[in-house]
Colleague: 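Can you keep this structure in mind? I'll have questions shortly.
Values below: all heavy atoms of this structure, side chains included; hydrogens, waters and symmetry mates excluded. A, B, ... follow the sequence lines: proteins, then strands. Residue 1 opens every chain.
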Amino acid sequence: MTATSRADTIASLSQRTRAMRGTILEMITAAASGHPGGSLSAIDFIATLFFTRLRHDPKNPTWGDRDRFVLSKGHAVPALYVTLAARGYFDEALLPTLRQLDSPLQGHPVNRFMPACEAPTGSLGQGLSVAQGMALAGRMDRKDYTTYCMMGDGEIQEGQVWEALMSAAKFGLDNLVAIVDWNGGQIDGSIAEVMPSLEPVVQKFTAFGWDVREINGHDFGEILDAIAWSDSRNGKPKCIVARTVKGKGVSFVEHPTKYHGAALTQEELGRALAELKESK
Amino acid sequence: MSTSVKPVATRQAFGEALAAVGADHPDVVALDADLSKSTKSELFGKKFPERFFQMGIAEQNMIGVAAGLALSGKIAFCCSFACFLAGRFETIKISVAYAGARVRLVGTHAGVGIGEDGYSQMGLEDIALMRTLPEMVVLQPSDDVETHAMIRWLVTDCKQPAYLRLTRQNLRRLHPEGWVYQPGKLDVLREGTDVAIIASGGPVMNAMDAAIALEAEGLSVAVANLSSIKPIDHEGLCALAGKVKLIVTVEDHNVMGGMGSAVAEVIAEMRANHARVYRHGVLDVFGESGTPESLYAKHRLDSAGIAAVVREQIA
């Protein structure tokens, strides 16, 4: 990537994600339920992956050679839906049906209704194992796709995640990339309050046999560099710890717990959209 | 009925069948969680090491990895003791069943028939759990012939997630060579007009012996092997329930929610007159250590016990 095109890419992502943040909040408010905080912390990474990196075909979501993205922190699915719609997987007119009866846009990702979701997630701790199976299959079939799996920081308190970390290292799955959206909050409090011993997380992942890189998960340059870094086929799975801000992009939503699982009111949504518009 | 063949555990038949079917089906893979010598998945693993994954003592992850493999085109046999798979129910519910992943969960060491290891190693609730999951196929073969047929069907035809429940202990062969497996059908082993014993898994051979003993006492006893617990053969069950006065279900599983419950659910909803159903099995108590034979005697799952239960219930 040339310096100019890289700058253009970053500018374009910055602009896109600002609009996507607004759409995410609108969808959640329309549904009167959902998870704004973790969706806004995750959107920058997800959008960068889908707009600059993934080899995929929105018209053929089950194409065998596609790169896979498993959103294990399934409650952030509005960030995934808004990205899938922007990439042409489905009509954006479907977005306001989030969480409504008979909508394919379930409250958490479901592959049977939306194949691009890859797997049903939202029961935390399961996605990395499923992603690992996809990576193993790719290696068996000599396909060169990459499987990405995004988890939450609260999510990795689940024991299954550490089982998956162990076996992915054993199998040397360098076609598997885990992303931890480390936004520092979970339902009952901050990570520091609920499970302070989760840190130091980089050392833990390293000790489990993974290559780890820590980045600012809202800095598009760092996200692009980390994704490029994760391409290395060196016999080790990769983990990107993306330090993020829960509710990122709207001042009063930026809080470790307040907007974890609470939709904005219409009044709050109006303020949020105005703020996003001004923040150019 | 063939009696000349040496009795064999259905887990052994499974290992041999999988190793055989693997040759023609390169998409078949197997995973185990440090029990491959016991589940007999090692028979496949030794023949196809590049398609066998040793996952260590970490069943949840094994189930999830199997789901990922299945979602990428593999037919994944995911093996452990029945109790350890059932213990990871929520992973099965989401990553396998809801995903629609072509995983074959193979739970060996079913029931009190495992013997000395005691209750913590006995799968006694796995059928109840698995049959609550939409689209999940739940199978329990009664001998090696049926096990071979089921493995082939699970590889070549069945598109849904499936649970296969197998025994540690050896079982006498009940099906003749050349017998044709009919998926989803009640397998009537013996006709009778007074009572029908519907059995599944380990106790089926004992039910056959009980029927012969009861026949000598003047009671005409049918025996049906219910190996497809889900989907269940409504038509076959209703036909049987319309013919006899009493149905006794027999299983090495808690009577709460197991095969007998599945039968009772179908027959209770019949519009036509139907037989009374009595559910026999492990009567909502914990298992314990003992020889398999002594446990089957204590829980009245041996032929004498089953015959006694039928006599009590017909009286």
Colleague: Minimum heavy-atom separation for B:Ser72 and A:Asp141, please, with both atom names.
Modeller: O-OD2, 4.2 Å
Colleague: Is the shortest distance from a Lys or Arg side-chain nitrogen in A:Arg112 or B:Glu135 to a carboxylate oxygen in the other one below 4.0 Å?
Modeller: yes
Colleague: Using non-hydrogen atoms and a 4.5 Å limit, figure out which bit of B:Ala33 sits close to chain A: side chain, backbone, both or neither.
Modeller: neither
Colleague: Using non-hydrogen atoms and a 4.5 Å limit, figure out which bit of B:Gln54 sits close to chain A: side chain, backbone, both or neither.
Modeller: both
Colleague: Side-chain donor-acceptor pair under 3.5 Å between A:Ser129 and B:Gln60, yes or no?
Modeller: no
Colleague: Output, in order, the C-alpha distance, side-chain angles, deciding distance and verdict of side chain to side chain contact (heavy atoms under 4.5 Å, CB included) for B:Leu71 and A:Met134.
Modeller: CA-CA 7 Å; B:Leu71 291 170; A:Met134 294 171 175; 4.0 Å; yes
Colleague: Going by heavy atoms in the side chains, are A:Met166 and B:Asn61 under 4.5 Å from each other?
Modeller: no
Colleague: Taking all atoms of both residues into account, what is the closest heavy-atom pair of B:Tyr98 and A:Asn111, and its distance?
Modeller: O-OD1, 4.1 Å
Colleague: Does a sphere of radius 6.0 Å around CD in B:Glu235 hold more than 12 heavy atoms from other residues, nucleotides or ligands, not counting ones at 6.0 Å or beyond?
Modeller: no
Colleague: Carefully, step by step, assess A:Ser167 and B:Met62 under the rule side chain to side chain contact (heavy atoms under 4.5 Å, CB included).
Modeller: CA-CA 9 Å; A:Ser167 61; B:Met62 169 174 72; over 6 Å; no
Colleague: For the interface with chain B, which of A:Lys143, A:Gln132, A:Gln126 has the highest count of heavy-atom pairs at distances below 4.5 Å?
Modeller: A:Gln126
Colleague: Other residues, nucleotides and ligands only: do more than 12 of their heavy atoms fall within 6.0 Å of NZ on B:Lys37?
Modeller: no
Colleague: Please tell me if the side chains of A:Met140 and B:Leu69 come closer than 4.5 Å, counting only heavy atoms from C-beta onward.
Modeller: yes
Colleague: With a sphere of 6.0 Å drawn around CG of B:Asp157, does it hold more than 12 non-hydrogen atoms of other residues, nucleotides or ligands?
Modeller: yes
Colleague: Is the count of non-hydrogen atoms from other residues, nucleotides or ligands lying under 6.0 Å from A:Phe113 atom CZ greater than 12?
Modeller: yes
Colleague: Could you tell me which portion of A:Lys170 (side chain, backbone, both or neither) has an atom closer than 4.5 angstrom to a non-hydrogen atom of chain B?
Modeller: side chain
Colleague: Would you mind checking which part of A:Val110 comes under 4.5 Å of any heavy atom in chain B, side chain (CB onward), backbone (N, CA, C, O), both or neither?
Modeller: side chain
Colleague: So for atom NZ, which belongs to B:Lys230, do other residues, nucleotides or ligands contribute more than 12 heavy atoms lying within a distance under 6.0 Å?
Modeller: yes
Colleague: Counting only heavy atoms closer than 4.5 Å, note whether A:Ala131 contacts chain B via side chain, backbone, both or neither.
Modeller: neither
Colleague: So B:Val65 and A:Leu136, do their side chains get closer than 4.5 Å, heavy atoms only?
Modeller: yes
